[in-house]
Amino acid sequence: MTAELDAQSLAAARGLVADAASIMVLTGAGVSAESGVPTFRDAMTGLWSRFDPEELAQEDAYRRQPALVWAWYLHRRELVAATHPNPAHLALAALAARKKVTLVTQNVDGLHQRAGSHDVIELHGNLFADKWLDGCGRCDPATAIPGTPPRCGLCNAMMRPGVVWFGEELPRVARYRAEHAAETCDLCLVVGTSGLVYPAAGLPGVARDHGAHVIVVNPQPSALDQTADIVLRGPAGVVLPRLWDEAAAPA
Ligand code: BV8
């Protein structure tokens with residue numbers, strides 16, 4: 001337990017989790033940090049240090065420099081594929097076996113699913129899904145012309161990562177389901193996000209406005225701290241297993 005993680009806040013948070021009938025969880029890159037996945041803003045280490053991720057994660061960047069952006073996504077896929085879920089992911093999967101949990105993530109790494117979480121709402125898509133940019137409707141990855149990026153053999157459209165870029169609308173169903181969960185939960189657990197990217201970062205405020213308690217888990221201050229009833233200042237992999245660990249006495 002980190003020095004800043006005081007026992008009183010932890011006990012209060014455990015009580016909220018134990019009493020909750022419906023929990024909405026919103027995760028960001030910090031929940032995967034202990035797996036070794038760089039958070040979104042510090043993903044730009046080494047080769048990529050001279051680029052701004054928000055610059056690369058945009059459609060016009062892709063149209064301007066498809067090979068560079070495609071290589072960036074392949075690099076991130078390789079990084080993520082070599083990692084494993086950490087105790088934070090596993091604790092969230094275990095919570096869903098005991099409580100009604102709607103897991104909403106901003107992450108594109110698929111680690112919640114690999115930890116055993118089901119029906120994960122991926123607001124920003126998935127790094128391992130591909131789709132087409134301006135495709136003809138009959139584009140087929142099986143017959144794509146290999147390249148950086150691959151292209152459709154019929155219409156020459158570029159394959160693109162199945163993520164949501166800045167300036168793109170979120171997937172409608174995912175967004176609707178996340179907003180419904182925020183409106184109907186009685187506890188919103190916010191884990192590992194700087195709370196800077198919208199509309200995802202607005203969800204804890206929606207939950208609060210509908211009467212839910214909000215708990216933030218983050219070793220650093222975040223833009224969502226002021227929305228929280230309780231801020232647990234520690235790493236998710238340490239904090240989450242203490243919020244509902246099986247061994248501990250009921251709160
Ligand atoms: C939209 C997929 C409607 C891609 C991502 C101008 C033009 C267009 C739009 C906008 C604009 N101005 C503002 C907007 C809206 C924009 C936005 O919010 N911009 C921000 C930068 C201001 N949003 C959008 O564009 C969204 N679409 O609004 O459509 C529209 C359309 C047109 C015009 C207007 C509106 C789409 C947003 C989705 C972007 N795609 N990802 C890819 O990955 O390549 S976002 C990407 O960044 C991530 O998915 C993630 O969501 C976000 C990063 O946030 P975090 O997850 O919080 O990560 P971060 O690194 O910031 O923080 C990590 C945290 O973890 C830190 O707090 C750290 O302390 C903590 N931590 C570290 N270690 C641990 C830990 N916590 C716990 N435990 C630890 N061990």
Side-chain angles (χ1 to χ4, degrees), residues 1-2 4-5 25-45 48 51-62 68-77 79-80 83 85-92 104-112 120-131 160-172 174-175 178-179 189-205 215-225 227-228 231-243:
M1 192 182 297
T2 59
E4 304 79 47
L5 187 61
V25 181
L26 175 68
T27 64
V31 81
S32 298
E34 289 154 272
S35 294
V37 179
T39 58
F40 194 79
R41 281 164 181 74
D42 64 30
M44 308 310 282
T45 52
W48 303 103
F51 298 104
D52 170 356
E54 278 158 36
E55 281 304 306
L56 291 186
Q58 300 215 27
E59 183 180 319
D60 57 11
Y62 196 59
L68 173 77
V69 178
W70 182 258
W72 181 50
Y73 279 97
L74 290 188
H75 168 67
R76 288 173 61 194
R77 272 187 198 169
L79 268 179
V80 168
T83 67
N86 69 60
H89 298 109
L90 297 169
L92 288 168
V104 180
T105 189
Q106 302 173 83
N107 298 341
V108 296
D109 59 30
L111 284 176
H112 284 303
V120 178
I121 298 174
E122 294 181 311
L123 290 179
H124 296 158
N126 189 294
L127 204 51
F128 297 92
D130 288 327
K131 56 187 194 181
R160 57 156 287 181
V163 297
V164 178
W165 280 329
F166 287 98
E168 289 186 320
E169 298 285 356
L170 272 55
R172 249 198 305 277
R175 183 170 181 181
E179 286 167 349
L189 182 58
V190 184
V191 186
T193 180
S194 57
L196 298 176
V197 174
Y198 283 81
L203 291 168
I215 299 171
V216 161
V217 178
N218 196 322
Q220 303 295 330
S222 84
L224 292 171
D225 289 2
T227 310
V231 174
L232 299 175
R233 196 61 79 215
V238 170
V239 174
L240 294 190
R242 293 176 185 281
L243 284 185

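Any value given below was found using the heavy atoms of this structure, including those in side chains, with hydrogens, waters and symmetry copies removed. Because the structure is predicted, anything quoted here is derived from the model rather than measured. Counting starts at 1 for both ligands and their atoms, in listed order.
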TODO: Could you tell me whether a side-chain N or O of N126 sits under 3.5 Å from a main-chain N or O of F128, the two making a donor and an acceptor?
DONE: yes

Open item on the list: Given 3.5 Å as the limit, does a donor-acceptor pair link the side chain of D130 with the main chain of P161, or not?
Closed with: no

Open item on the list: If you take the nearest heavy atom of each of A33, S32, P219, P235, which one is closest to atom 75 (C) of ligand 1?
Closed with: P219

Task: Any donor-acceptor pair under 3.5 Å from E34 side chain to N86 backbone - done: no

Task: Minimal non-hydrogen separation, I121 against A174, with atom names - done: CG2-O, 3.5 Å

Open item on the list: Closer than 4.0 Å to some heavy atom of S194 - which atoms of ligand 1 meet that?
Closed with: 57 (O), 59 (P), 61 (O), 62 (O), 64 (C), 67 (O)

Task: Under 3.5 Å: N/O of L170 near N/O of ligand 1 - done: no

Open item on the list: I need the atoms of ligand 1 closer than 4.0 Å to a non-hydrogen atom of Q220, numbered in the order shown.
Closed with: 69 (O)

Task: Atoms in ligand 1 flagged as close to G28, the criterion being non-hydrogen separation under 4.0 Å - done: 56 (O)

Task: Subset of ligand 1 atoms that lie under 4.0 Å from at least one heavy atom of Y73 - done: 4 (C), 42 (C), 44 (O)

Task: Heavy-atom nearest option to atom 39 (C) of ligand 1, drawn from V69, V164, V163, V31 - done: V164

TODO: Answer side chain, backbone, both or neither: which part of E34 comes under 4.0 Å from ligand 1, heavy atoms only.
DONE: side chain

- [ ] Looking only at distances, please establish whether an N/O atom of ligand 1 is found under 3.5 Å from an N/O atom of G234.
- [x] no

Task: Shortest heavy-atom approach to atom 5 (C) of ligand 1 - which of H124, E54, E169 - done: H124

TODO: Would you please classify the geometry between the Y62 ring and the W165 ring as parallel, tilted or perpendicular, with 30° and 60° separating the classes?
DONE: tilted

- [ ] Under 4.0 Å from a heavy atom of A57: give me the atoms of ligand 1 that qualify, with their elements.
- [x] 44 (O)

Open item on the list: Just to be sure I read this right, does ligand 1 sit under 4.0 Å from the backbone of S222, its side chain, both, or neither, counting only heavy atoms?
Closed with: neither

TODO: Would you mind telling me if ligand 1 is within reach of the side chain of L127, the backbone, both or neither, using heavy atoms under 4.0 Å?
DONE: neither

- [ ] Spell out, as yes or no, whether a donor-acceptor pair under 3.5 Å connects the side chain of T105 to the backbone of N107.
- [x] yes

TODO: In sequence, state the C-alpha distance, the side-chain angles, and the governing distance for Q106 and T27, and then conclude on side-chain contact (heavy atoms from CB on, under 4.5 Å).
DONE: CA-CA 6 Å; Q106 302 173 83; T27 64; over 6 Å; no

Open item on the list: Would A236 count as a polar contact of ligand 1, with the cut-off being nitrogen or oxygen pairs under 3.5 Å?
Closed with: yes

- [ ] From atom 64 (C) of ligand 1, work out which of A200, G125, G192 has a heavy atom at the shortest distance.
- [x] G192

Task: Candidate with minimal heavy-atom separation from atom 37 (C) of ligand 1, of L232, V197, N107 - done: V197

Open item on the list: Measuring from atom CH2 of W70 to atom CG of L56, what distance do you get when rounded to the nearest 0.5 angstrom?
Closed with: 14.5 Å

- [ ] Give a yes/no verdict on whether any heavy atom in G237 is under 4.0 Å from an atom of ligand 1.
- [x] no

Open item on the list: Show the atoms of ligand 1 that are less than 4.0 angstrom away from any heavy atom in W165.
Closed with: 36 (C)

TODO: Give the numbers and elements of all ligand 1 atoms closer than 4.0 Å to a heavy atom of L196.
DONE: 18 (O), 20 (C), 22 (C)

- [ ] Name the option, out of R76, R175, E168, R233, that contains the heavy atom nearest to atom 36 (C) of ligand 1.
- [x] E168

Task: Value rounded to 0.5 Å, distance of CG in D109 from NE2 in H124 - done: 13.0 Å

TODO: Specify the closest pair of heavy atoms between S32 and L111, including all atoms of both residues, with the distance to one decimal.
DONE: OG-CD1, 3.7 Å

TODO: State the OG1-NE2 distance between T83 and H89, to the nearest 0.5 angstrom.
DONE: 8.0 Å

Open item on the list: If I take atom CD from residue E54 and atom CD from residue Q58, how far apart are they, to the nearest 0.5 angstrom?
Closed with: 8.0 Å

